[in-house]
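Below, read A as the first sequence line, B as the second, and so on, with proteins coming before strands; counting in each chain starts at 1.
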Protein chains: 2
Amino acid sequence: MTEPREKQGSNTQRAVEQLRDLIFSGVLAGGSNHLETELAEMLGMSRTPVREAAVLLEAQGLLELQPRRGVRIQPVSVDDMREIYEVLTELESLAAANAAAAGYSDADLSGLDAAVTAMEESIEADDLETWAKADEMFHRELVRLGKNSRVVTIAAMMSDQVRRARQTTLHMRAMPSRSNEDHRAVLNAIRGGDAVEARRIHREHRERAKNEIIGLLEKYRILSL
Amino acid sequence: MTEPREKQGSNTQRAVEQLRDLIFSGVLAGGSNHLETELAEMLGMSRTPVREAAVLLEAQGLLELQPRRGVRIQPVSVDDMREIYEVLTELESLAAANAAAAGYSDADLSGLDAAVTAMEESIEADDLETWAKADEMFHRELVRLGKNSRVVTIAAMMSDQVRRARQTTLHMRAMPSRSNEDHRAVLNAIRGGDAVEARRIHREHRERAKNEIIGLLEKYRILSL
DNA sequence: GCACTCATTTGCGTATGCGTTAAAGTTCGC
DNA sequence: GCGAACTTTAACGCATACGCAAATGAGTGC
């Protein structure tokens, strides 16, 4: 349940990072199979650390080890998306409620505020890429403020599982004005110490986000990513 | 995010199972350190599969790999318990609501019913061990009925993290009559298709369970397990 | 007695090679 | 031509060994 060990420079750690990058970017496509030896060559190291990285990434739900068929990159179907968003909705809403109950000062909430502001600016500038980064920052900061390290870890895991799909669909979506109103409203509820309202708003926000991305996948007949 | 690979009889799989048993039973005590070589000897295999098992169990939050200090069994503090129960409460309540909305038949709910009945019987018989098993079965079946595989996996992980503590405190607690009334009420709400009620009852049930076990730890000055 | 330096020990991350076995390919019979 | 049986190939799980570096212990000087 820990983050990958902070083994600065170990080959396993490097393999984890590089494999993640390859998975999120789609270079290693959802559903594709790759032998351990192939990946070891790709990453320029022996099979042992690659295998160890794969075990870890399997536990994170990003891939599946299939003996004699190699490492299968876990595709994410529409149903997977539903599941993932369901978990995120529950746990982030909990975090929002906890954050509201925590009595944070304005300084404590500056990270959230900065993310919302960055999103507002990127919407004005029509810059979806920057918006996406700020969006991610908002959600990460939100769960951090909820002060449950397990929620932080699980939410990160779920976000990772859905990352490729979000990246792939980013430019298919409308400019997320409504989304950011929600973010601002959640932040205000937290600032005002209203746990019930923070939870409610965030839940509705996440439900909308789920429906939007699933709607895109269905519209464009994307069965899985 | 997958269950450990179903590699029947592989040393890694065996190591995972045996280490889990040792951890849950307290033989490998929370906070204790064990070298990979020591564990390899204990399990009668070479270090490679032991290390692979440890990587996996680290990802499940049961232990931590500390270079040169070995494998540290993750102790569970009162704060950890709070976190774990918070996650379980959210996700199981979601599962209860989903199960209620799913329109299950009586046959579909027979597993839940059997668990509740077994608990009632073991309460009559003053048999806490049997009650604990039935309790676990109830919770597992509940999340299964919620039909979100990720919730199933996360809930299992959280339950594992708290397993030693529950086992250790089992005989310190009162006979759980109220607990089982809750179980019966949740089942009835699910049977009646009332998602809001199922969620509410289960949430209160889990809150009570959390407060009870934490109360025990604090009463007996048990700082961590 | 304490702090510093150097030498030794040892634990781990990794590379390599071997044995097992599943999968792929080939051959033969109908 | 198709299916079954046999053979070959190769991927993986694992054991072993090696090199690196962190930790420990010993010795010396103040």
* To do: Could you tell me the separation between the CD atom of B:Glu86 and the CZ atom of B:Arg206, rounded to the nearest 0.5 Å?
  => 13.0 Å

* To do: Using whole Å, report how far CG of A:Asn11 lies from P of C:dT14.
  => 5 Å

* Structure fact -> Rounded to whole Å, CD of B:Gln13 lies from C1' of D:dC12 at a distance of 16 Å

* A:Glu58 CD to D:dC12 P, straight-line distance once rounded to whole Å -> 13 Å

* Measure the distance from CG on B:Leu56 to P on D:dG13 and round it to the nearest whole Å. => 13 Å

* Is a donor on one side and an acceptor on the other found under 3.5 Å between the side chain of B:Arg164 and the backbone of B:Leu225? -> yes

* To do: Check for a donor-acceptor pair, side chain of B:Ser32 on one end and backbone N or O of B:Leu28 on the other, with a separation under 3.5 Å.
  => no

* Verdict with reasoning, A:Arg14 to A:Asn11, per side chain to side chain donor-acceptor pair (under 3.5 Å) -> CA-CA 5 Å; A:Arg14 248 183 268 119; A:Asn11 280 358; 2.7 Å; yes

* Kindly say whether the aromatic ring centers of A:His139 and A:His202 come within a distance under 6.0 Å. => yes

* To do: Send over the distance from B:Met45 CE to C:dG19 P, rounded to a whole Å.
  => 20 Å

* To do: State the NZ-OG1 distance between B:Lys219 and B:Thr169, to the nearest 0.5 angstrom.
  => 12.0 Å

* Asked: Between A:Asn148 (side chain) and B:Glu83 (backbone), is there a donor-acceptor pair under 3.5 Å?
  -> yes

* To do: Let me know the distance between CD of B:Gln66 and P of D:dA23, rounded to the nearest Å.
  => 11 Å

* Structure fact -> Ordered by number, residues from residues 35-44 of chain A within less than 4.0 Å of DNA chain C (heavy atoms) are none

* Between B:Glu52 (CD) and D:dC12 (C1'), how many Å, whole number? -> 10 Å

* **Stacked cation flag B:Arg163 on B:Phe24, 6.0 angstrom / 45 deg** => yes

* Roughly how far, to the nearest 0.5 Å, is CD of B:Gln66 from CG of B:Asn33? -> 5.0 Å

* Asked: Can you tell me how far P of D:dG13 sits from CZ of B:Arg51, to the nearest Å?
  -> 17 Å

* **Most 5' of A:Thr48 and A:Arg69 on DNA chain D, judged by nearest nucleotide** => A:Arg69

* Taking protein heavy atoms under 4.0 Å as touching, what does nucleotides 17-22 of chain D look like 5' to 3' if B marks base contact, S marks sugar-phosphate-only contact and - marks none? -> B---BB

